[in-house]
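Inspection log for the structure reproduced underneath, given as structure tokens.
Positions are given from 1, in the same order as the sequence printed here.
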Amino acid sequence: MTPSDHVIETGKDGTLFGTTTEEHIDAIVDRIAAAPQVALHFHGGLVSRENGLLIADKLLPVYKAANCDPVFFVWHSGFLEVLKNNLNEILAEDLMRKVLVKTAKFVLGKFNQDSGSRAMGIITPERESVVCQHHFPVALEPKAAESKPRDAGKPPGLTELTDEEARVIEDELHEDLELMRAIDDVLAGHLPADVLIGSRSTGRTRASTTSLVDPDVLAELAPDQGVRSVTTMLLVAKKCVAIITRAIKRFVDDNDHGLYPTVLEECLREFYFANVGGAVWAAMKKETEDTFVPDLPGRGGRYFLDKLAGRVRAGARPQITLIGHSTGSVFIGNFLRAVTRLREPWPADAAFRVVFEAPSTTYRHFGETLDVAAPLIKEFLMFTMDDEHEQADRLLGALYPHSLLYLVSGLLERDRNGDSGVEPLVGLARYLRPVPTDIKPAAPYLSELDRTVYSPSPPEAPVGRRSTADGHTEFDDDPVLLASLTTFLARS
């Protein structure tokens with residue numbers, strides 16, 4: 001038997017892909033229906049198809065050692081490559097650097113505001129040289145004195161930006177010549193050659209460099225006649241004020257990620273969201289849902305689930321464990337929801353065991369899953385990093401100094417209204433200590449019965465509840481965690 005005999009591969013919209021056919025799935029279901037222990041493994045959204053197949057090949061003997069017959073769902077994502085490539089390009093753009101520094105200086109000005117200035121609505125912005133030299137990484141400013149951004153904790157008495165303070169900041173940024181030049185260059189790269197003329201404000205020739213600014217933002221800013229207008233700069237100033245307002249509010253609400261990451265996330269949200277990976281992230285998660293759509297041909301997840309349900313209703317009782325790393329946890333949530341929507345009920349005595357590894361599912365998605373599928377979960381265990389290691393796991397080195405889960409939570413997820421907004425993720429330990437009100441439906445589930453293992457675990461942690469993974473991509477490789485997983489699976 002080869003590793004491919006344990007793989008179900010899906011492509012766009014969760015449809016069957018490659019050598020995976022309905023007959024292939026039939027053979028897999030026939031085999032696992034007769035097995036005592038089955039593991040359904042869902043890899044994360046950071047890996048390409050090739051790496052997904054490598055993960056299956058690597059973990060096959062691990063599951064076999066636990067006397068478990070595995071099935072690996074390999075789905076096409078490769079999100080990390082898109083994210084890293086685009087972020088590196090965006091952070092090299094002059095407009096991004098200018099907006100980042102100029103918004104941060106007002107956030108710091110608000111932090112430094114004393115009670116008298118606060119009462120009068122006066123904000124004295126921090127000097128840009130201080131922002132560059134002490135708070136932002138060397139990758140963004142070659143003359144910076146430090147390669148690691150200096151954090152700025154929330155000062156006592158911090159309040160949200162007032163309307164009057166916002167108006168004063170908007171007036172100042174509206175006249176900022178450096179912002180004007182940066183906008184000129186962005187527009188030059190997206191306008192026809194016959195309208196590229198010198199800037200009226202500076203007289204200099206505009207550079208023609210294609211920017212990764214969100215196309216919708218470009219549509220707002222692009223002038224009719226190929227030159228920046230007064231309206232253009234007013235829109236830019238308003239967008240910068242929106243960044244400052246949201247960043248300060250996040251500190252007030254204790255929803256910040258530190259000074260530099262918070263301001264960076266809000267700058268990306270305002271000017272670059274479509275190209276930083278937001279659309280890719282949403283589409284990737286949607287495919288884990290689309291694969292279970294009923295009555296449509298070729299949906300791999302649905303075909304597998306229907307066949308498996310038929311065998312279980314006919315009396316097969318393998319102990320099935322669902323294991324998901326990162327976005328694989330979203331896949332598991334959609335799998336469980338699909339089970340609740342089967343035309344005939346799933347037998348109550350065939351409940352699943354569930355293991356999350358550094359899950360990127362939101363508390364909202366997980367809570368909604370529990371609302372309908374909690375009776376289907378026989379046992380639950382989560383391995384995830386403690387917050388110290390989550391913050392130290394640098395996604396892009398100095399460019400983004402926290403983990404992927406921090407960036408997803410702070411930028412890429414969407415709120416209940418469908419807008420980009422800060423969303424708590426199940427895998428972020430900071431949201432379990434203490435538990436915020438808006439995630440209470442799901443958070444107690446994770447805290448009850450000691451269901452969570454924080455990694456790296458202490459040396460005295462009991463067998464089966466140990467992990468030394470200290471990076472988001474390490475959970476499939478950590479031998480200590482894999483030994484704990486083997487212990488969990490081997491239990492009857």
query: Is the backbone of Gly44 close enough, under 3.5 Å, to the side chain of Ser326 for a donor and an acceptor to pair up by distance?
result: no
- prompt: If only atom types and distance count, is the side chain of Asn86 paired as donor or acceptor with the main-chain N or O of Asn275 below 3.5 Å?
  reply: yes
field: Rounded distance (nearest 0.5 Å) linking atom CG of Leu161 with atom CZ of Arg246
entry: 12.5 Å
task: Check for a donor-acceptor pair, side chain of Asp94 on one end and backbone N or O of Ala182 on the other, with a separation under 3.5 Å.
output: no
task: State plainly whether the residues Asp69 and Arg31 are in salt-bridge range, i.e. N to O under 4.0 Å.
output: yes
- prompt: What do you reckon, are the aromatic ring centroids of Phe475 and Phe383 less than 6.0 Å apart?
  reply: no
query: Closest approach of Asn88 and Leu399, non-hydrogen atoms and distance?
result: OD1-CD1, 3.1 Å
Salt-bridge criterion met for Arg311 and Asp30 (N-O under 4.0 Å): yes
message: Can you tell me how the ring of His257 sits relative to the ring of Tyr406, calling it parallel under 30°, perpendicular over 60° and tilted otherwise?
response: perpendicular
- request: Decide yes or no for Leu264 and Leu268: does some side-chain heavy atom of the first lie under 4.5 Å from some side-chain heavy atom of the second?
  value: yes
- request: Specify the closest pair of heavy atoms between Ile28 and Val7, including all atoms of both residues, with the distance to one decimal.
  value: CD1-O, 3.8 Å
field: Side-chain donor/acceptor of Thr321 to backbone N/O of Ala39, under 3.5 Å
entry: no
- prompt: When rounded to the nearest 0.5 angstrom, what is the spacing between CE in Met385 and CD in Glu474?
  reply: 8.0 Å
query: Which of these passes side chain to side chain contact (heavy atoms under 4.5 Å, CB included) with Tyr363: Val426, Leu428, Leu425?
result: Val426
- line: Closest non-hydrogen contact found for Pro456 with Asp470 is CG-CB, 4.1 Å
field: Ionic contact status for Arg250 with Glu266, cut-off 4.0 Å
entry: yes
- prompt: From Ile183 CD1 over to Lys98 NZ, what is the distance, rounded to the nearest 0.5 angstrom?
  reply: 11.5 Å
field: Worked check of side chain to side chain contact (heavy atoms under 4.5 Å, CB included) between Tyr272 and Asp214
entry: CA-CA 5 Å; Tyr272 293 91; Asp214 191 311; 5.7 Å; no
- prompt: Side chains of Thr369 and Arg337: is there a donor and an acceptor less than 3.5 Å apart?
  reply: yes
message: Just so I know, are the side chains of Arg302 and Leu296 near enough to count as touching, which here means a heavy-atom distance under 4.5 Å?
response: no
message: Ignoring hydrogens, what is the shortest heavy-atom contact between Gly11 and Phe17? Give both atom names and the distance.
response: N-CB, 3.6 Å
field: Shortest non-hydrogen contact from Glu270 toward Ala242
entry: OE1-CB, 3.9 Å
query: Do any N or O atoms from the side chain of Arg451 and from the backbone of Tyr445 form a donor-acceptor pair under 3.5 angstrom?
result: yes
- request: Enter the distance from Leu40:CG to Ile332:CD1 here, rounded to the nearest 0.5 Å.
  value: 8.5 Å
task: State yes or no: are the ring centers of His6 and Phe72 separated by less than 6.0 Å?
output: no
query: Between Asp387 and Tyr431, does any side-chain donor sit less than 3.5 Å from a side-chain acceptor?
result: no
- prompt: Quick one: does Arg465's side chain have a donor or acceptor within less than 3.5 Å of a partner on Asp450's backbone?
  reply: yes
message: Would Phe73 and Thr288 count as a side chain to side chain contact (heavy atoms under 4.5 Å, CB included) here? Give the steps.
response: CA-CA 10 Å; Phe73 283 78; Thr288 73; over 6 Å; no
- request: Walk me through it: do Phe366 and Glu368 pass the test side chain to side chain contact (heavy atoms under 4.5 Å, CB included)?
  value: CA-CA 5 Å; Phe366 185 55; Glu368 290 168 355; over 6 Å; no
message: Do Val280 and Leu412 have side chains that approach each other closer than 4.5 Å (heavy atoms only, starting at C-beta)?
response: no
query: Between Ser457 and Tyr454, is there a donor-acceptor pair closer than 3.5 Å when you use the side chain of the first and the backbone of the second?
result: no
task: May I ask you to test the Leu322-Phe331 pair for a side-chain heavy-atom distance under 4.5 Å?
output: no
statement: dist Glu22:CD -> Tyr303:OH (nearest 0.5 Å) comes out at 4.5 Å
field: Any side-chain heavy-atom pair of Ile8 and Val71 under 4.5 Å
entry: yes
- prompt: Of the non-hydrogen atoms in Ile243 and Cys267, which two are nearest, and what is the gap between them?
  reply: CD1-CA, 3.7 Å
- request: Walk me through it: do Phe273 and Asp216 pass the test side chain to side chain contact (heavy atoms under 4.5 Å, CB included)?
  value: CA-CA 10 Å; Phe273 183 75; Asp216 289 340; over 6 Å; no
- prompt: Between Phe352 and Phe335, does the ring centroid distance fall short of 6.0 Å?
  reply: yes
query: Are side-chain heavy atoms of Arg299 and Asp13 found at a separation under 4.5 Å?
result: yes
message: Quick one: does any side-chain atom of Asp393 pair with a main-chain N or O of Gly471 as donor and acceptor, under 3.5 Å?
response: no
query: For the ring pair His472 and His389, is the centre-to-centre distance below 6.0 Å?
result: no
message: Could you check whether any side-chain heavy atom of Leu305 comes within less than 4.5 Å of a side-chain heavy atom of Arg341, counting everything from C-beta outward?
response: no
message: Would the distance check show the side chain of Thr362 and the main-chain N or O of His365 forming a donor-acceptor pair, the cut-off being under 3.5 Å?
response: yes
From Glu413 atom CD to Trp281 atom CH2, the distance as rounded to the nearest 0.5 Å: 6.5 Å
- prompt: Just checking, is any N or O donor in the side chain of Gln37 or Tyr63 under 3.5 Å from an acceptor N or O on the other one?
  reply: no
field: Any donor-acceptor pair under 3.5 Å from Ser211 side chain to Val186 backbone
entry: no
- prompt: Any salt bridge between Lys239 and Glu220, counting N to O under 4.0 Å?
  reply: yes
message: Quick check: do Phe380 and Leu446 have side-chain heavy atoms less than 4.5 Å from each other?
response: yes
message: Before you tell me yes or no, could you show the steps for Asp254 and Arg430 under salt bridge (charged side-chain N to carboxylate O under 4.0 Å, His left out), namely the whole-Å CA-CA distance, both residues' side-chain angles and the distance that decides it to 0.1 Å?
response: CA-CA 11 Å; Asp254 291 324; Arg430 64 175 293 178; over 6 Å; no
Atom NZ of Lys58 with >12 non-hydrogen neighbours under 6.0 angstrom: yes
